[in-house]
Amino acid sequence: MERKYNFAIVGATGAVGERMISTLETAGIPIGEIKLLSSKRSEGKKILFQGKTVTVEEATENSFEGIDIALFSAGGDVSKWLIPHAVKAGAICVDNTSAYRMDSNVPLVVPEVNEDALFKHNGIIANPNCSTIQMVAALEPIRKTYGLKKVVVSTYQAVSGAGVAAIDELDRQTKSILAGESVKPGVLPVKKGLKHHQIAFNCIPQIDVFHENGYTLEELKMINETKKIMEMPDLHVAATCVRLPIATGHSESVYIEVEKLGATVSEIHQLLKDAPGVVLVDEPENHAYPMPVDAVGCNDVFVGRVRKDLDNPRGFHLWVVSDNLLKGAAWNSVQIAQSLVKKGIVK
Ligand code: NAP
Ligand code: 3JM
């Protein structure tokens with residue numbers, strides 16, 4: 001008889017959880033039981049999974065008996081509270097929050113880059129930050145051939161990265177402003193922060209809270225996670241993360257310096273064309289380049305605007321776009337689950 005895998009999704013009613021459900025449905029993993037978990041607020045909600053109605057349950061310490069793989073996307077505090085219980089119950093936990101990402105006992109995985117790190121898991125696997133994932137997926141094929149010395153990235157991030165509340169806020173503010181009414185921001189840049197800013201018709205150069213060194217935590221996530229995933233502690237990485245009034249799809253302007261001299265744009269084009277999970281869209285003559293509206297609903301990372309720097313022979317510029325809720329979150333987690341099954345890591 002075919003082996004089936006029991007799954008739990010914690011945060012199943014959220015922006016990421018909803019996509020975990022839809023991508024898991026078609027991932028080709030034979031599924032036995034599926035538990036959809038949330039806070040008490042959404043308890044009793046009915047959700048269709050592979051044609052069957054599943055009732056959402058409140059997540060508790062006892063939710064994980066018999067679960068093989070648990071996908072977490074309900075915020076860092078919930079992960080810190082429930083993951084130890086899920087691990088104790090024997091589940092492998094794939095965590096979408098930043099709670100465990102920099103823990104040295106926890107592999108931080110983008111399957112196209114470091115799938116084999118999964119073998120080192122101790123019950124927890126961390127899914128990187130959305131902006132990190134799409135950047136490393138685009139840079140890995142270049143790094144493998146030419147090496148990498150330096151990365152400088154500026155992001156243009158969609159509001160859905162901050163959850164359903166931020167999507168609703170962009171919607172409300174846009175309608176209010178177009179109707180000539182005033183807006184009362186309450187979600188961005190940080191829901192529990194001391195001050196909120198308008199996002200409609202604006203951009204906010206703050207994602208997550210500030211560290212005392214002047215960087216935001218989102219910027220530090222990109223810097224530290226990139227070094228960990230690529231196993232390059234000495235790589236130079238700098239990031240500036242900005243929130244835009246876009247519902248879904250993060251974009252990034254990435255400047256890199258490679259190790260080897262002599263790389264050409266056409267060679268980099270070929271590497272990107274051949275790379276798994278990456279789609280090259282780079283035809284300036286046809287005004288064709290990646291844009292968030294085209295990436296929404298797709299699992300791939302789109303790369304374009306590849307240019308050689310005009311001053312530094314090792315320097316290249318790229319434009320990288322992906323659906324932050326799919327490759328940036330839900331799809332990367334489900335891909336990790338696929339790899340765990342494929343490589344026989346689930347007992
Ligand atoms: P969201 O739309 O606000 O959804 C939050 C989800 O968490 C809902 O299902 C909510 O259930 C559930 N939840 C909240 N408190 C809970 C509790 N005490 N116990 C159990 N479930 C609880 O947020 P989202 O955008 O889906 O993101 C959720 C988390 O995923 C974020 O906080 C972040 O840590 C992570 N994330 C990671 C990435 C990435 O870069 N990889 C991207 C986006 C998000 P109710 O329906 O009951 O409220
Ligand atoms: C909490 O766009 C974003 O705001 C990033 C996604 C996100 C994260 C994350 O994954 O880094 C939103 C809210 C977190 C987190 O867990 O730190």
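Ligands are counted one by one from 1 in listed order, and the atoms in each one are counted from 1 as well.
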Enquirer: Are Lys327 and Asp323 within salt-bridge range, i.e. N to O under 4.0 Å?
Expert: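 The answer is no: the pair does not qualify as a salt bridge.
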Enquirer: Just which atoms of ligand 1 are under 4.0 Å from any heavy atom in Asn129?
Expert: 40 (O)
Enquirer: Could you check whether Lys343 pairs with Asp116 (Lys NZ or Arg NE/NH1/NH2 to Asp/Glu carboxylate O, under 4.0 Å)?
Expert: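 Yes, Lys343 and Asp116 are salt-bridged.
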Enquirer: For Phe7, what residues pass the ring-ring contact (aromatic ring centres under 6.0 Å, His included) criterion, not counting sequence neighbours?
Expert: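 For Phe7 there are no ring-ring contact (aromatic ring centres under 6.0 Å, His included) partners, ignoring immediate neighbours.
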Enquirer: Should Glu218 and Arg243 count as an ion pair when the cut-off is N to O under 4.0 Å?
Expert: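 Salt bridge between Glu218 and Arg243, a charged N being under 4.0 Å from a carboxylate O: no.
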Enquirer: Is there a polar contact, in the sense of an N or O pair closer than 3.5 Å, between Cys130 and ligand 1?
Expert: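 There is such a contact, yes.
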Enquirer: Just wondering, more than 12 heavy atoms not from Asn286 lying within 6.0 Å of its CG?
Expert: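 Yes, CG of Asn286 has more than 12 neighbouring heavy atoms, counting only those of other groups under 6.0 Å.
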Enquirer: Residues around ligand 2, heavy atom under 4.0 Å from any ligand atom, sorted by chain and number. Can you pull those?
Expert: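 For ligand 2, the residues that come within the 4.0 Å heavy-atom cutoff are Asn96, Thr97, Ser98, Arg101, Asn129, Cys130, Gln157, Gly161, Ile207, Glu218, Lys221, Arg243, His250.
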Enquirer: Would you kindly confirm whether Val183 and Ile167 end up in one hydrophobic cluster when ILVMFWY residues are joined by side chain heavy atoms under 4.5 Å apart?
Expert: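 No, separate clusters.
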Enquirer: Does Lys342 have more than 12 heavy atoms from other residues, nucleotides or ligands lying within 6.0 Å of its NZ?
Expert: yes
Enquirer: With hydrophobic residues grouped by side-chain heavy-atom distances under 4.5 Å, do Val254 and Val278 end up in a single group?
Expert: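 Val254 clusters together with Val278.
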Enquirer: Measuring from atom 7 (O) of ligand 1, which candidate in Ala74, Ser38, Ala162 has the nearest non-hydrogen atom?
Expert: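 The residue whose heavy atom sits nearest atom 7 (O) of ligand 1 is Ala74.
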Enquirer: Side chain or backbone, does Ala329 bring an N or O within less than 3.5 Å of an N or O on ligand 1?
Expert: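 No.
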Enquirer: Heavy-atom distance to atom 14 (C) of ligand 1: which of Arg41, Glu218, Glu57 wins?
Expert: Arg41
Enquirer: Hydrophobic cluster membership, with links at side-chain heavy-atom distances under 4.5 Å among I/L/V/M/F/W/Y: are Phe119 and Val341 in one?
Expert: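 The answer is yes; both residues are in one hydrophobic cluster.
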Enquirer: With heavy-atom distances below 4.0 Å as the criterion, list the atoms of ligand 1 near Asn127.
Expert: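 Those qualifying, in numeric order: 41 (N).
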Enquirer: At what distance, to the nearest 0.5 angstrom, does CD of Glu219 lie from CD1 of Ile207?
Expert: 8.0 Å
Enquirer: Pick, from Gly14, Ser39, Ala15, the option with the minimum heavy-atom distance to atom 22 (C) of ligand 1.
Expert: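 Among Gly14, Ser39, Ala15, the closest heavy atom to atom 22 (C) of ligand 1 comes from Ser39.
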Enquirer: Could you identify the single nearest non-hydrogen protein atom to atom 32 (O) of ligand 1 and state the distance to 0.1 Å?
Expert: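 Checking every protein heavy atom, the shortest distance to atom 32 (O) of ligand 1 gives Gly75 CA, 3.3 Å.
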Enquirer: Purely on distance, is any nitrogen or oxygen of Val78 under 3.5 Å from one on ligand 1?
Expert: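 In fact, backbone or side chain, Val78 has no N or O that close.
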Enquirer: Using a strict threshold of under 4.0 Å (side-chain N to carboxylate O), is an ion pair present between Lys40 and Glu43?
Expert: yes
Enquirer: Does Arg101 approach ligand 1 within less than 4.0 angstrom via side chain, backbone, both or neither, non-hydrogen atoms only?
Expert: side chain
Enquirer: Say you draw a straight line from CG of Asn127 to CG of Asn96; how long is it, rounded to the nearest 0.5 Å?
Expert: 4.0 Å
Enquirer: Is the distance between the ring centroids of Trp319 and Tyr156 less than 6.0 Å?
Expert: yes
Enquirer: List every atom of ligand 1 that sits less than 4.0 Å from any heavy atom of Gly161, numbering the atoms from 1 in the order shown and giving each element.
Expert: 43 (C)
Enquirer: Indicate, with yes or no, if Leu340 and Ile83 share a hydrophobic cluster defined by side-chain heavy-atom contacts under 4.5 Å among Ile, Leu, Val, Met, Phe, Trp and Tyr.
Expert: no
Enquirer: Below 4.0 angstrom from a heavy atom of Thr97, which ligand 1 atoms are there? Numbered from 1 as shown, please.
Expert: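 That gives atoms 34 (O) of ligand 1.
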Enquirer: Heavy-atom contacts with Gly11 under 4.0 Å: which atoms of ligand 1 show up? List them by number with element.
Expert: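 Taking each heavy atom of Gly11 in turn, ligand 1 has 6 (C), 7 (O), 9 (O), 12 (C) under 4.0 Å.
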Enquirer: Any nitrogen or oxygen of Gly328, side chain or backbone, less than 3.5 Å from one on ligand 1?
Expert: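 Yes, at least one N or O pair falls under 3.5 Å.
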Enquirer: For atom 23 (O) of ligand 1, what is the nearest protein heavy atom, given as residue, atom name and distance?
Expert: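 For atom 23 (O) of ligand 1, the nearest protein heavy atom comes out as Gly163 CA, 3.8 Å.
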Enquirer: From the options Val16, Thr13, Ile9, select the one whose nearest heavy atom is closest to atom 24 (P) of ligand 1.
Expert: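 The residue whose heavy atom sits nearest atom 24 (P) of ligand 1 is Val16.
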Enquirer: For atom 37 (C) of ligand 1, which candidate among Thr60, Val56, Val10, Asn96 holds the nearest heavy atom?
Expert: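 Looking at heavy atoms only, Asn96 sits closest to atom 37 (C) of ligand 1.
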Enquirer: For Ser131 and Gln157, does a side-chain donor sit closer than 3.5 Å to a side-chain acceptor?
Expert: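 Yes, because at least one side-chain N or O of Ser131 sits under 3.5 Å from a partner of the opposite role on Gln157.
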Enquirer: Indicate if Val153 and Tyr255 have the same hydrophobic cluster label, given that clusters are the connected sets of ILVMFWY residues with side-chain heavy-atom separations under 4.5 angstrom.
Expert: no
Enquirer: Would you mind finding which of Pro128, Ser98, Ser73 brings a heavy atom closest to atom 27 (O) of ligand 1?
Expert: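 Answer by nearest heavy atom: Ser73.
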Enquirer: Just to be sure I read this right, does ligand 1 sit under 4.0 Å from the backbone of Ser131, its side chain, both, or neither, counting only heavy atoms?
Expert: neither
Enquirer: Check ligand 1 against Ser42 and write out every atom of the ligand that is under 4.0 Å from a heavy-atom position of the residue.
Expert: 45 (P), 46 (O), 47 (O)
